[in-house]
Amino acid sequence: MDAREVLEKLAAGEIGIDMAERLLRLDYVERIGNHTVFDMSRECRSGIPEVVYAEGKTPEKAGEIVERVIAKRGMLVLSRASEKYHDEVVRRIGEDGVMYRPEARMIVIDRRGCVQEHIGKIGVLTAGTSDIPVAEEAATIAEVMGCTVIRGYDVGVAGIHRLLDPLKDMIRQDVACVVVVAGMEGALPSVVAGMVGVPVIGVPTSIGYGLGAGGMGALTTMLQSCAPGLVVVNIDNGFNAGATAALIAKMKHGKK
């Protein structure tokens with residue numbers, strides 16, 4: 001039972017205040033083995049599904065987390081997950097509702113059994129093809145949250161004319177926000193922010209040569225931008241960009 005169900009039962013008089021308090025406390029965290037304390041209420045509080053960062057965890061630990069959480073929740077996402085994590089998840093819980101997106105390096109487990117409410121549209125652009133994995137991470141979490149994602153890839157400043165058609169399409173479709181993913185010198189988010197009337201989220205990637213390697217060049221460029229309406233997340237952090245863009249879309253469409 002999630003927090004909303006507890007509150008609905010309280011409002012309907014099916015349970016008392018003391019019982020509601022106990023249930024909410026039980027719902028708050030789940031201790032899994034001796035390695036994880038899982039936040040069971042994040043989605044209810046913030047609207048953002050809880051995402052397990054798989055990198056650094058063994059497939060067995062990640063699989064144990066999935067098995068425990070999905071028994072109580074209909075949705076869970078693993079980020080930075082390879083095929084071996086997917087195989088472990090399927091071994092533990094079966095294939096039902098399990099979707100592996102290798103380019104995004106994400107596993108989505110969705111057993112909610114209902115059609116996801118549409119909360120709006122966002123755009124996702126990349127400067128280069130090498131930036132696509134981070135962009136797909138952003139797009140995937142936004143789609144999980146109920147967004148329609150309009151993509152435009154490999155449209156960076158080295159051939160700026162490539163940007164015009166996908167950007168026109170995003171404007172025509174009234175996107176609430178544009179996520180712009182760029183490595184190398186990271187100039188594309190500033191260009192886009194100067195051309196659209198919606199928030200732009202810049203995502204620097206660890207793609208580049210020499211001084212730009214590791215994403216510091218792109219990050220510095222984005223932070224130094226003079227284009228208003230541009231905000232920047234950490235290097236390679238597609239998840240945060242996509243989740244934030246989805247929240248912006250949700251607010252634009254008046255969803256509570």
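Hydrogens, waters and symmetry mates play no part in the numbers below; they use all other heavy atoms, side chains included.
Val191 is listed as a side-chain neighbour of Ile160, based on a closest heavy-atom distance under 4.5 Å. Proximity of Lys57 to Val52: side-chain heavy atoms (C-beta onward) are separated by under 4.5 Å at one or more points. Residues Leu163 and Met195 meet the side-chain proximity criterion, which asks for heavy atoms closer than 4.5 Å. Put simply, the side chain of Ile109 does not reach to within 4.5 Å of the side chain of Met99, judged on heavy atoms. By the 4.5 Å heavy-atom criterion applied to side chains, Val178 and Val124 are not counted as neighbours.
A donor-acceptor pair is defined here as one N or O able to donate and one able to accept, closer than 3.5 Å; such a pair exists between the side chain of Asn237 and the backbone of Asn240. Without hydrogens or angle criteria, Arg162 side chain to Gly156 main chain gives a donor-acceptor distance under 3.5 Å. A donor-acceptor distance shorter than 3.5 angstrom exists from the side chain of Asp236 to the backbone of Ser206, with no hydrogens or angles considered. Side chain of Asp131 to backbone of Gly128: a donor-acceptor contact under 3.5 angstrom is found. One N or O on the side chain of Thr126 and one on the backbone of Asp154 form a donor-acceptor pair closer than 3.5 Å. Using a distance-only test at 3.5 Å, with no hydrogens or angles considered, no donor-acceptor pair links the side chain of Tyr53 to the main chain of Leu78.
For residues 91-100, the side-chain hydrogen bond (donor to acceptor under 3.5 Å, both in side chains) pairs, not counting sequence neighbours, are Glu67-Arg92, Glu88-Arg91, Glu88-Arg92.
For the pair Ala245 and Cys177, the tightest heavy-atom approach, listed with the atom from each and the gap, is CB-SG, 3.9 Å. Here the shortest heavy-atom pairing between Ile65 and Leu76 reads O-CD2, 4.5 Å. Minimum heavy-atom separation, Pro133 to Thr129: CD-O, 4.2 Å. Of all heavy-atom pairs spanning Val77 and Met75, the tightest one is CG2-SD, 4.0 Å.
With rounding to the nearest 0.5 angstrom, the CD1 atom of Ile122 is 5.0 Å from the SG atom of Cys147.
When the side-chain hydrogen bond (donor to acceptor under 3.5 Å, both in side chains) test is applied to Ser190, the partners found at least two apart in sequence or on another chain are Ser225. Residues passing the salt bridge (charged side-chain N to carboxylate O under 4.0 Å, His left out) test with Glu60, sequence neighbours excluded: none. Annotation: salt bridge (charged side-chain N to carboxylate O under 4.0 Å, His left out) contacts of Arg80 (sequence neighbours excluded): Glu137. Remark: Tyr153 engages no residue in a ring pair (Phe, Tyr, Trp, His ring centres under 6.0 Å) (not counting sequence neighbours). Every residue two or more places apart in sequence or in another chain that forms a salt bridge (charged side-chain N to carboxylate O under 4.0 Å, His left out) with Asp169 is listed here: Arg172.
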| Going through the distances and angles, do Glu143 and Arg151 end up as a salt bridge (charged side-chain N to carboxylate O under 4.0 Å, His left out)? | CA-CA 12 Å; Glu143 288 170 340; Arg151 294 164 170 83; 3.1 Å; yes

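Checked against Pro59 for a side-chain contact (heavy atoms from CB on, under 4.5 Å), the options Glu64, His86, Lys84 give a single hit: Lys84.
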